[in-house]
Amino acid sequence: MKTNPDWKQMRSLHLISPLQIRTELAAAMTAALASKFQVEIPSVEVLPSRNLSFGDLACNSAMPLAGKLKRSPRDIATVMADSISNSFPQVDKVSVDGPGFLNITLSGEYLAEFTAAVAERGLGRFIPSEGKGKTALVEFVSSNPTGPLTVGHCRQAVLGDAVSRLLEAVGWNVEREYYFNDAGKQMERLAESLASRYMNILGVAMEIPEGGYQGEYIKDWAEDFLKEKGDSFKWPEQKDDFREYAASRAFVLISEDLKLLGITFDRYFAESELIPDAVENTLKLLDTKELIYKDSEDPRKIWLKLSEMGRPDDRVVVRDDGTYTYRMPDISYHLNKFKRDYDLIVDIFGSDHIDTCKDVETVLGNLLGEEIVSTRLRTILHQFVTLVRGGEKVKMSTRAGNFVTLRDLVDEVGSADVVRYIFLTRRAEAHMDFDLEAAGADNDENPVFYVQYAFARISGILRKVSDVESLLHLCNAERLESILTGDRERNLMRLLETVPLKVSAAATSLEPHRIPDLLAEVARAFHGFYQHHRVVDPDNNEITAARLTLCMAVRSTLNDLLTILGVRAPEKM
RNA sequence: GCGCCCGUAGCUCAGCUGGAUAGAGCAACGGACUUCUAAUCCGUAGGCCACAGGUUCGAAUCCUGUCGGGCGCACCA
């Protein structure tokens, strides 16, 4: 998926990429308008047709240009149509329809060449590689290391991994990073909660602190702590021992949870690494820029002047005991990320982070320049997940310790593929009801199987054929075009041709939810084709070869799209 | 009260940098297995795109307001 198209080789085959044909058509039409009307013309846009019955590509630029050129939209569209109608072998038909739409139908020759090339060399090389040679950092999950991951983290984990994979699909070199908050007040509470359980085992009364952690897993940790380290520890004398032990156990817990979904990180970045040097440097920097001030009553307490930067309220960044609030190391962390010089920094947070991440962005803008921050930092805030079982909402409460964990979810659903796919079907900013019964169902209520089944079917066909390679060599683009003339075959090729640019658009907008839609569309078109056309015909090698070529192209497309979601492409089901 | 997100078919959701008849899956109804896996296919039905204004040649899409839901408004993260 990472290789770049070899344009020269394609030229020799008369094949140009989906992106290039669109670019060339737009350029030709823009040039024709400029020369005919002798005015500056904003570049026209060639877009996918909304409805395939109009054609493959459409352009509506004639309508907005009508006022400026003082001509009717249809006249303008006609000028555009004339400029491309006979000069592109990739174009079969151009028409002007309705109020001034320009509709373009791609030629069978081009579609056949494209399909053959995808079958032979894979779809990946046709995806425009905008990210080639560039690096991106994607931060996600970053949950407090205080316990197992929950359903909310699960959505974020899946989303972050898919965003990363999507960026990789268009050529980015991606690093996945988990910011490990191991230095804050929550860690203190966790350590004390552990100490409390430990003391209880030893028969000493000690309450779990206010806001502490009640989960059963802490009891297990306490028992292990006792076994491994002995019974001589006291709170708060050996505070650090409790804290370190809890953090390391939480770390293991979290990485095992992530492993259930097949997610790994390139780096776990510990907040404690920033303390105190990096944070003190950041404070000095903020002070130099006069963005902080001392509290009027307690000079050890330090405030951030957010209200002067257009945010609603000033915030404390250093408490009177000298410890930092969440925002402080987070600003340092982001400065660190910028210093590492990525071309793109993606932050993924739950919607409860809205205020803090706006604050951090604002401060970064003041320190580094708004231009740099707005072009290089992109934040995805996802909404929460409501679990539904049998039409009833599943109550979740972190405090009481009866939350549904990521592990529970994957166990109940029974498949990481299903969990990933369903989470990725909704766009990040939309609320989401996750129906445990439907997700756990082993039937056609489950959208994942529909797509995977298409891949498995193709694999089944391939198993029927003894020598796929030599059969495929029987089939060149010309033959493909003359044999695959059915509507279903033709529409399948048309659909495949749009995939590279749709992937590219999804990556540009950091929206992996577009991929499941696309997958379902490809699978649907394939299932329809499969039902109506027999692929393997022992008496007709030519037809077999042509349809097999199409199957190979679909297979490659499904595989690449499933890879973006991190969902398996099974040979058998 | 303030900020952000959401409100599209019975259910879950796409479509939202404005464009030609609003889409899909599931559920419902009617059909299709002596043929490469029927976890499939074909067909039918289902919608004042929350509501009210505005911008324009054109609005589910942009703006304003109202109503409804989620999240936040910590010296937690």
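Bear in mind the structure is a predicted one, so any value in this text is a computation, not a measurement. In what follows, chains carry the letters A, B, and so on, assigned in the order in which the sequence lines appear, proteins first and then strands, with residues in each chain numbered from 1. When reading the values below, keep in mind they use all heavy atoms of this one structure, side chains included, and skip hydrogens, waters and symmetry mates.
- A 4.5 Å side-chain heavy-atom check between A:Leu462 and A:Arg555 finds at least one atom pair inside the cut-off.
- Here A:Phe384 lies in heavy-atom contact (under 4.0 Å) with sugar-phosphate atoms only.
- The aromatic rings of A:Phe140 and A:Phe265 are tilted relative to each other, their planes meeting at an angle between 30° and 60°.
- Counting any heavy atom pair closer than 4.0 Å across all strands shown, A:Asp320 reaches no nucleic acid atom.
- Residue A:His533 is in base contact, counting any heavy-atom pair closer than 4.0 Å across all strands shown.
- A:Met63 comes within 4.0 angstrom of a base, heavy atoms only.
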Fill in the dot-bracket string of RNA chain B, one character per base: . for unpaired, | for a pair to another strand, ( ) or [ ] for pairs within the strand, taking Watson-Crick or G-U pairs under 3.5 Å.
(((((((..((((.....[...)))).(((((.......))))).....(((((..]....))))))))))))....

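- Between the P atoms of B:G18 and B:C62, the separation comes to 9 Å (whole Å).
- Aromatic ring orientation, A:Phe349 versus A:His334: tilted (interplanar angle from 30° to 60°).
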With the sugar-phosphate defined as primed atoms, P, OP1 and OP2, and the base as all remaining atoms, what B/S/- string results for nucleotides 1-11 of chain B, 5' to 3', for protein heavy atoms under 4.0 Å?
---BBS-----

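- Nucleotides B:G43 and B:G3, compared at atom C1', are 50 Å apart to the nearest Å.
- Heavy atoms of A:Phe434 sit nowhere under 4.0 angstrom from any nucleic acid atom.
- A:Ala454 comes within 4.0 angstrom of no nucleic acid atom, judged by non-hydrogen atoms across all strands.
- There is no side-chain donor-acceptor pair under 3.5 Å between A:Gln186 and A:Asn181.
- When each of A:Tyr326 and A:Asn51 is assigned the nucleotide of RNA chain B with its nearest heavy atom, A:Asn51 is the one assigned upstream, toward the 5' end.
- With P as the reference atom, B:G30 and B:U21 are 34 Å apart, rounded to whole Å.
- A:Phe269 and A:Tyr179 have tilted rings, their planes meeting at an angle from 30° to 60° on a 0 to 90° scale.
- Of the C1' atoms belonging to B:C42 and B:C48, the separation is 32 Å, rounded to the nearest Å.
- Note on A:Ser143: nothing from the nucleic acid sits closer than 4.0 angstrom, heavy atoms only.
- Taking atom P in both B:G19 and B:U61, one finds a spacing of 11 Å when rounded to whole Å.
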